[in-house]
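Have a look at the structure below, then the notes.
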Amino acid sequence: MVKILQLHSDFIEFRPVEKEIPSAEKCEKKIQRLEDLVVLFTCVEEGDTLQTGREAMDGVKEYLEKVKAHRILIYPYAHLSNKLASPSDALKILKEMKSYAESLGIEVHRAPFGWCKEFTLSIKGHPLAEQFRSITPGEKDKGEIVSEALKAEEKVKSYWYIMEPDGRLISVEEYDFSGHENLKKFADYEISKMRAAQRTPPHVDLMRRLELVDYEPASDPGNFRWYPKGRLIKSLIEQFVTEKVIAYGGMEVETPIMYDFEHPSLSNYLHRFPARQYILKSDDKNFFLRFSACFGQFLMLHDAQISYRQLPLRIYELTRYSFRREKSGELSGLRRLRSFTMPDVHAICADMKQAKEEFMKRFRLSIETLKGFGLDRNDYELAIRFTKSFYEENKDLIISLVKEFGKPALVEMWDERFFYFVLKWEFNFVDNLDKASALSTDQIDIENAKRYGIFYIDENGEKKVPLILHCSPSGAIERDLYAMLEKAYRDQKEGRPPMLPLWLSPTQVRIVPVADRFYAEAEKIAEEIAKCGVRVDWDDRPLTMQRKIREAEMEWIPYIVVIGQREVESGVLSVRDRRISGAGRGGEIRKMSLEELVSEIKDLTRGKPFKPLSLPMRLSKRPRFYG
RNA sequence: GCCCCGGUAGCUAAGCCCGGUUAUAGCAGCGGCCUCGUAAGCCGCAGGUCGCGGGUUCAAAUCCCGCCCGGGGCUCCA
């Protein structure tokens with residue numbers, strides 16, 4: 001049967017390299033480029049006839065009408081079959097396909113037959129863009145669509161389970177989710193994909209209203225601008241994660257954000273995914289923007305001399321930025337971006353035993369990191385994915401992850417390995433639209449050390465290929481903020497005051513003078529608090545006190561201190577604590593000294609980084625960035 | 001990428017279906033009054049390429065076509 005992998009493409013470039021068979025067609029060894037076309041990787045098998053070829057083209061014609069394309073490239077591609085037709089028959093049929101297609105009014109190009117060729121291809125993203133067809137002699141094309149066949153591999157089968165902390169594995173269909181509603185939502189999202197109501201994600205309104213982050217229409221979609229308050233928060237999170245990873249043993253490095261497309265270690269890997277990078281042209285070279293820190297770190301480790309004594313070896317970079325050219329339709333606020341900041345820490349491990357120990361350490365590191373954002377185990381769900389054979393040999397590791405987590409986890413088991421890793425876990429946050437996204441993750445990679453030529457020398461002086469663990473203890477920083485904002489929104493909906501963790505609140509204390517004759521006193525108090533390393537500002541605008549309190553509440557400020565006659569006389573502060581009297585609760589006003597207030601804040605933010613807010617301390621001096 | 005919804009002042013929206021004076025509000029901004037005790041004080045002023053480009057028409061925010069941006073869905077996620 002004639003087999004055709006048909007790919008609706010933005011462009012293809014190909015160049016004949018050398019003849020593979022004596023009967024190869026004549027042609028020039030020049031690069032050819034075609035744009036906006038359907039590429040037909042075509043393979044002719046034993047028993048195919050000219051008629052089979054024509055029938056195949058009838059199917060192609062139909063397809064072209066559907067996707068509104070009119071140009072095709074017939075590209076002989078022997079790799080789709082193991083019972084090829086003879087070269088002379090195949091060539092005859094391919095030529096017939098061309099002339100028949102031309103008679104149907106299609107613009108037809110044909111790549112030379114019998115050559116080893118190289119090509120670069122950019123595939124369009126729509127659901128019909130990638131299809132596989134086979135046309136059996138004497139039978140009309142039934143329009144059979146075996147999508148996903150791009151990989152020329154059968155899609156791996158996934159089996160879904162829930163694993164209990166005691167290690168019991170229960171199939172998802174039979175699992176009783178009561179008491180685990182969030183896990184149910186997550187499992188549904190992963191397995192079936194449910195529809196969400198059509199609305200803007202709550203965190204998007206919040207990120208703008210709080211003047212943290214915003215879209216930047218002048219950039220590519222999914223690239224954001226950060227206002228001063230947002231930049232402060234992001235910077236604090238970055239610093240926090242970095243400190244955590246360094247304490248764990250990560251060596252912080254920095255690597256380039258762009259790489260040569262043709263670099264030998266990278267190219268074969270990349271050519272499998274040509275559509276998902278940003279591509280940058282400089283002179284006649286093509287560069288891609290990194291989508292993780294893997295390249296830079298692996299290239300660095302390739303050149304390093306590593307002894308077994310130094311293992312496990314941890315290397316870390318906070319990527320500002322990583323780039324992924326996600327399809328436009330799947331971008332969403334801070335949840336899915338095209339450029340994002342992600343901590344990426346790799347561990348080089350001597351063997352599986354060492355890898356397992358390291359894996360558990362990093363699992364705990366990730367839990368600790370998320371805790372810093374006020375996210376505990378009730379706020380996210382664990383997913384573990386592995387191959388069947390890995391599970392059978394390493395049940396103990398998988399079970400101890402779930403046990404450590406202390407809640408049932410979603411399990412995806414593959415019958416064979418398809419990716420470069422054998423085991424992967426993620427913490428997934430489920431948002432107010434019931435969408436799930438991964439935060440922390442770690443993987444055991446058994447492939448890339450070899451691909452990048454990373455070795456260590458063992459105790460016998462022999463070169464050994466290590467295992468590599470890939471971990472992001474927090475996931476993308478932007479996504480952490482997304483999770484915090486979505487959680488705050490949920491708090492608000494359920495009657496709790498929405499707020500950010502104290503250490504991340506841009507303003508921790510707001511001083512509100514009752515009238516302008518108390519401005520001097522307010523400023524003095526603000527300056528005293530600022531000296532103690534607390535982010536404080538004061539409201540010197542000509543507004544009523546009620547109005548100032550309202551606005552401070554809408555900014556989610558944790559402590560609001562009102563200064564008037566009473567405070568000046570007594571020296572005792574009246575503190576409106578958001579947790580008890582804020583967010584419309586109208587509760588008690590706390591009476592405390594300045595020292596008590598400062599030391600409470602210091603206690604509550606212990607162990608977390610501090611940075612001053614870069615905005616002026618007087619509100620009247622601040623521009624409004626949004627709204 | 002495809003399908004659906006949206007884009008009107010800095011922000012949030014009305015007007016659009018059914019074309020016709022000077023495009024309408026609220027908030028924010030600016031000016032003034034008010035000097036206030038824990039979630040919105042009062043008055044005034046200014047503010048507009050109606051997302052961009054083209055077309056239809058005597059006349060377009062309004063109708064048609066193309067594009068850009070946002071949201072949702074499909075699909076995908078190394």
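Quantities reported herein were computed from a predicted structural model and do not represent experimental measurements. Below, chain A is the first sequence line, B the second, and so on; all start at residue 1.
Among the atoms of the strands shown, none is found under 4.0 Å from any heavy atom of Ser292(A). Base engagement by Glu567(A) is indicated by at least one non-hydrogen atom pair under 4.0 Å involving a base atom. Across all strands shown, Gln565(A) has heavy atoms under 4.0 Å from base atoms, whether or not it also approaches the sugar-phosphate.
Nucleotides A25(B) and G6(B) place their P atoms 25 Å apart, quoted to the nearest Å. A gap of 39 Å separates the C1' atoms of U38(B) and G48(B), to the nearest Å. The same atom, P, is picked in U8(B) and in C3(B); the two are 23 Å apart, to the nearest Å. Separation of the P atoms belonging to U62(B) and C17(B) is 9 Å when rounded to the nearest angstrom. Between G20(B) and C16(B), the distance separating the two P atoms is 9 Å to the nearest Å. Between the P atoms of G31(B) and G70(B), the separation comes to 36 Å (whole Å). Here, G71(B) and U57(B) have their C1' atoms 34 Å apart, quoted to the whole Å. With both ends at atom P, the span from G66(B) to U24(B) equals 32 Å, rounded to whole Å.
Using a 4.0 Å cut-off between charged side-chain N and carboxylate O, Glu35(A) and Arg71(A) make no salt bridge. Salt bridge status for Glu478(A) with Arg336(A): absent, with no side-chain N to carboxylate O gap under 4.0 Å. With salt bridges taken as basic N to acidic carboxylate O contacts below 4.0 Å, none links Arg324(A) and Glu326(A). Ion pair Arg335(A)/Glu486(A) not flagged as a salt bridge, since none of the NZ, NE, NH1 or NH2 atoms sits closer than 4.0 Å to an Asp/Glu carboxylate oxygen. In summary, Glu555(A) and Arg578(A) do not engage in a salt bridge, as defined by a charged side-chain N under 4.0 Å from a carboxylate O. Look at Lys388(A) and Asp415(A) and you find no salt bridge, because none of the NZ, NE, NH1 or NH2 atoms lies under 4.0 Å from a carboxylate O. With respect to Glu447(A) and Arg451(A), a salt bridge is recorded, a charged nitrogen being found less than 4.0 Å from a carboxylate O. Electrostatic pairing of Glu551(A) and Arg510(A) does not count as a salt bridge here, judged by no charged N lying under 4.0 Å from a carboxylate O. The pair Glu596(A)-Arg590(A) fails the salt-bridge criterion, with no side-chain N (NZ, NE, NH1 or NH2) lying under 4.0 Å from an Asp/Glu carboxylate O.
C11(B) atom C1' lies 11 Å from atom CG of Asp214(A), rounded to whole Å. One can place CD of Gln443(A) at 14 Å from P of C77(B), the figure rounded to the nearest angstrom. Straight-line distance from the CZ atom of Arg336(A) to the P atom of G72(B): 12 Å, rounded to whole Å. Atom CG in Leu7(A) sits roughly 17 Å away from atom P in G1(B) (whole-Å rounding). Between the CG atom of Asp539(A) and the P atom of G37(B) there is a distance of 16 Å, rounded to whole Å. Distance Glu211(A) CD to G10(B) P: 16 Å, rounded to the nearest Å. In this structure, Met545(A) places its CE atom 5 Å from C1' of G37(B), rounding to the nearest Å. Remark: C1' of A40(B) and CD of Glu555(A) are 15 Å apart, rounded to the nearest angstrom.
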Sequence neighbours left out, cut at 3.5 Å: what donor-acceptor pairs do the side chains of residues 619-626 of chain A make with other protein atoms?
from: Ser620(A); atom 1: OG; to: Asp540(A); atom 2: OD1; distance (Å): 3.2
from: Ser620(A); atom 1: OG; to: Asp540(A); atom 2: OD2; distance (Å): 2.6
from: Arg622(A); atom 1: NE; to: Pro616(A); atom 2: O; distance (Å): 2.9
from: Arg622(A); atom 1: NH1; to: Asp537(A); atom 2: OD2; distance (Å): 3.3
from: Arg622(A); atom 1: NH2; to: Asp537(A); atom 2: OD2; distance (Å): 2.9
from: Arg622(A); atom 1: NH2; to: Pro616(A); atom 2: O; distance (Å): 3.0

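The partner of G44(B), taking Watson-Crick or G-U wobble pairs whose two distances both stay under 3.5 Å, is C30(B). Pair assignment for C63(B) gives G55(B), based on Watson-Crick or G-U wobble hydrogen-bonding distances that are each under 3.5 Å. Using Watson-Crick or G-U wobble geometry with both donor-acceptor distances under 3.5 Å, G19(B) finds no partner in any strand shown. Searching all strands for a Watson-Crick or G-U wobble partner of C2(B) with both distances below 3.5 Å returns G73(B). Under the Watson-Crick and G-U wobble criteria, each requiring two contacts below 3.5 Å, nucleotide A13(B) is paired to U24(B).
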I'd like a list of close polar pairs between nucleotides 41-46 of chain B and the protein, N/O only, cut-off under 3.5 Å.
from: G41(B); atom 1: OP1; to: Arg547(A); atom 2: NH1; distance (Å): 3.2
from: G41(B); atom 1: OP2; to: Thr544(A); atom 2: OG1; distance (Å): 3.1

Show each protein N/O and nucleotides 68-70 of chain B N/O combination with a separation under 3.5 Å, one pair to a line.
from: G70(B); atom 1: O3'; to: Tyr215(A); atom 2: OH; distance (Å): 3.0

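Arg362(A) and Ala347(A) get closest at one heavy-atom pair: NH1-CB, 3.3 Å.
One finds a side-chain N or O of Arg517(A) lying less than 4.0 angstrom from the OP1 or OP2 phosphate oxygen of C36(B). In terms of phosphate contacts, Lys435(A) brings a side-chain nitrogen or oxygen within less than 4.0 Å of OP1 or OP2 of G73(B).
For C77(B), the base has no donor-acceptor partner in the side chain of Arg324(A) [N/O atoms by modelled type, under 3.5 angstrom].
Toward the 5' end of RNA chain B, the nearer of the two residues Asp516(A) and Ile549(A), judged by each one's closest nucleotide, is Asp516(A). Of the two residues near RNA chain B, Arg338(A) and Val562(A), the one whose nearest nucleotide lies more 5' is Arg338(A).
Nearest to the side-chain atoms of Arg566(A) among the listed nucleotides G37(B), A39(B), A78(B) stands G37(B). Side-chain proximity of Leu433(A) to G72(B), U38(B), A40(B): nearest is G72(B). When distances run from any side-chain atom of Arg576(A) to the nucleotides A39(B), U35(B), G72(B), the shortest one goes to A39(B).
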request  = Decide yes or no on side chain to side chain contact (heavy atoms under 4.5 Å, CB included) for Arg338(A) and Leu331(A), but give the supporting numbers first.
outcome  = CA-CA 8 Å; Arg338(A) 279 185 172 170; Leu331(A) 296 170; 3.6 Å; yes

